Amino acid sequence: MQCQKCGWEQGDEQVECARCGVIFAKLVKASRPGSIARPRPLVQDSAWFRLAGDWLLTTEESVNPFHFAGRVLVFFVLVLWGWRFMTTPLDTNYTGESFLHLVNLPFHEAGHLLFMPFGRFMTILGGSLGQILMPLVCLGTFLLKTRDPFGGSVALWWTAENFMDVAPYINDARAMDLLLLGGFTGKEVDAHDWNNLLTMLGWLQYDHGLAKLSYGIGTVSMLLALAWGAILLHRQYRLATRVLPRPP
């Protein structure tokens with residue numbers, strides 16, 4: 001029998017729904033003759049919710065203990081490193097001086113070349129876009145091709161870090177004190193991306209606000225990535241420690 005209120009399937013001998021607690025006799029009495037009571041779809045029963053769970057929270061049927069230990073180690077590194085990123089003030093340029101800045105730099109420069117056919121504005125913006133799009137491509141690959149949600153959570157963490165990495169560059173749009181790739185500051189050469197971008201838009205006075213917005217997006221995204229990774233590791237731990245029934 002299926003509950004007419006919540007749609008939960010259960011035995012015919014039930015007097016009240018085991019899920020929502022409605023009494024079937026009252027539900028039938030309240031129904032008008034000839035009308036069909038349709039179950040109200042719950043959020044967790046919706047197709048979109050199930051699809052998101054399938055793509056974002058899927059775990060292996062059997063957990064390799066070495067793979068699991070490696071993921072736990074990576075997760076704790078990301079937690080400690082992420083905590084440093086999130087709690088260090090934007091003005092210190094900690095992200096620009098970190099090791100990951102050197103990893104992001106080639107994708108930044110490649111972004112300039114990639115967006116060059118779309119005009120000067122997009123060529124300049126392409127540097128920051130390139131370093132943010134690269135981890136997003138990795139995120140899509142982990143989810144759509146390899147079906148590795150934990151790898152996707154790491155890619156999201158990297159995306160968040162790139163938003164934080166761009167923030168000091170935006171914050172420096174007016175001051176132009178940061179050293180650029182050639183060893184010069186924006187005051188010495190016309191090569192400061194965000195000074196040029198915000199000047200073209202007439203938004204130069206908003207550089208600090210936009211920098212804080214970028215850093216805030218990175219902070220929120222990093223927290224989401226860590227929460228996502230923690231949920232996946234918890235599910236994998238429960239699966240790894242599950243006690244299988246003994247054969248008769």
Side-chain angles (χ1 to χ4, degrees), residues 46-86 95-96 98-118 122-167 169 193 213-240:
S46 66
W48 286 107
F49 191 89
R50 291 196 300 269
L51 182 62
D54 291 340
W55 285 102
L56 301 180
L57 300 176
T58 301
T59 56
E60 303 91 335
E61 294 183 1
S62 60
V63 178
N64 186 308
F66 294 102
H67 293 172
F68 178 74
R71 288 170 178 170
V72 170
L73 178 60
V74 169
F75 178 77
F76 277 109
V77 170
L78 295 183
V79 168
L80 295 176
W81 208 356
W83 178 256
R84 183 69 183 274
F85 281 127
M86 290 184 286
T95 54
S98 69
F99 166 75
L100 275 179
H101 179 72
L102 299 178
V103 176
N104 301 329
L105 189 57
F107 303 115
H108 180 100
E109 297 304 321
H112 289 307
L113 299 176
L114 181 64
F115 286 91
M116 189 174 293
F118 303 101
M122 288 304 301
T123 300
I124 300 173
L125 181 61
S128 298
L129 283 179
Q131 68 178 89
I132 291 174
L133 288 176
M134 186 60 205
L136 287 177
V137 170
C138 295
L139 173 59
T141 302
F142 280 123
L143 292 181
L144 301 177
K145 188 173 182 179
T146 63
R147 299 299 300 271
D148 181 4
F150 184 79
S153 70
V154 175
L156 179 59
W157 186 96
W158 185 22
T159 305
E161 187 275 333
N162 270 281
F163 272 103
M164 295 178 172
D165 186 77
V166 169
Y169 201 8
D193 291 352
L213 176 62
S214 181
Y215 211 82
I217 292 174
T219 301
V220 173
S221 300
M222 190 168 285
L223 289 172
L224 290 175
L226 294 175
W228 183 12
I231 293 172
L232 289 169
L233 289 178
H234 177 67
R235 290 167 66 96
Q236 291 173 6
Y237 174 76
R238 291 182 58 186
L239 185 62

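Heavy atoms only: backbone and side chains are in, while hydrogens, waters and symmetry mates are out. Computed from a predicted model, the values in this text were never measured in an experiment.
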Query raised in the report: After noting the C-alpha distance and the side-chain angles of Leu56 and Leu143, does the key distance pass the side chain to side chain contact (heavy atoms under 4.5 Å, CB included) rule?
Result: CA-CA 7 Å; Leu56 301 180; Leu143 292 181; 4.0 Å; yes
Reported [atom1]-to-[atom2] distance for the pair [X] and [Y], which is rounded to 0.5 angstrom:
| X | Y | atom1 | atom2 | value |
| --- | --- | --- | --- | --- |
| Trp228 | Leu233 | CH2 | CG | 12.5 Å |
| His234 | Leu239 | NE2 | CG | 11.5 Å |
| Phe76 | Leu226 | CZ | CG | 11.0 Å |

Tell me, please, which residues at least two apart from [X] pass side chain to side chain contact (heavy atoms under 4.5 Å, CB included).
| X | result |
| --- | --- |
| Leu105 | Glu109, Leu181 |
| Val220 | Leu224 |
| Leu136 | Ile132, Leu133, Leu139, Thr159 |
| Met122 | Phe115, Phe118, Leu125, Leu129 |

Report task. Taking all heavy atoms of Ser214 and all of Phe163, pick out the closest pair and write down the distance. Result -> OG-O, 2.7 Å
Query raised in the report: Shortest non-hydrogen contact from Met222 to Gly82?
Result: SD-CA, 3.4 Å
Any non-hydrogen side-chain atom of [X] less than 4.5 Å from a side-chain atom of [Y]?
| X | Y | value |
| --- | --- | --- |
| Ser98 | Glu161 | yes |
| Phe85 | Thr219 | no |
| Trp158 | Met134 | yes |
| Leu100 | Met164 | no |

Hey, can you pull the donor-acceptor pairs under 3.5 Å for the side chains in residues 147-156, sequence neighbours left out?
unit_1	atom_1	unit_2	atom_2	d
Arg147	NH2	Asp54	O	3.3
Asp148	OD1	Phe150	N	3.3
Asp148	OD1	Gly151	N	3.2
Ser153	OG	Phe150	O	2.6

Query raised in the report: Which residues satisfy the side-chain hydrogen bond (donor to acceptor under 3.5 Å, both in side chains) test with Trp157, sequence neighbours excluded?
Result: none
Query raised in the report: Ser128: what forms a side-chain hydrogen bond (donor to acceptor under 3.5 Å, both in side chains) with it, not counting sequence neighbours?
Result: Trp194
Query raised in the report: Of all residues at least two apart in sequence or in a different chain, which pass the ring pair (Phe, Tyr, Trp, His ring centres under 6.0 Å) check with His112?
Result: His108
Report summary line: Exactly one of Val72, Leu78, Val77 clears side chain to side chain contact (heavy atoms under 4.5 Å, CB included) with Val74, and that residue is Leu78
Query - Residue pairs fulfilling side-chain hydrogen bond (donor to acceptor under 3.5 Å, both in side chains) with at least one residue in residues 67-82, sequence neighbours excluded - result: Glu60-Arg71, Arg71-Gln236
Requested in this report: Return yes if some donor-acceptor pair links the side-chain N/O of Asn104 with the main-chain N/O of Gln131 below 3.5 Å, else return no.
Outcome: no
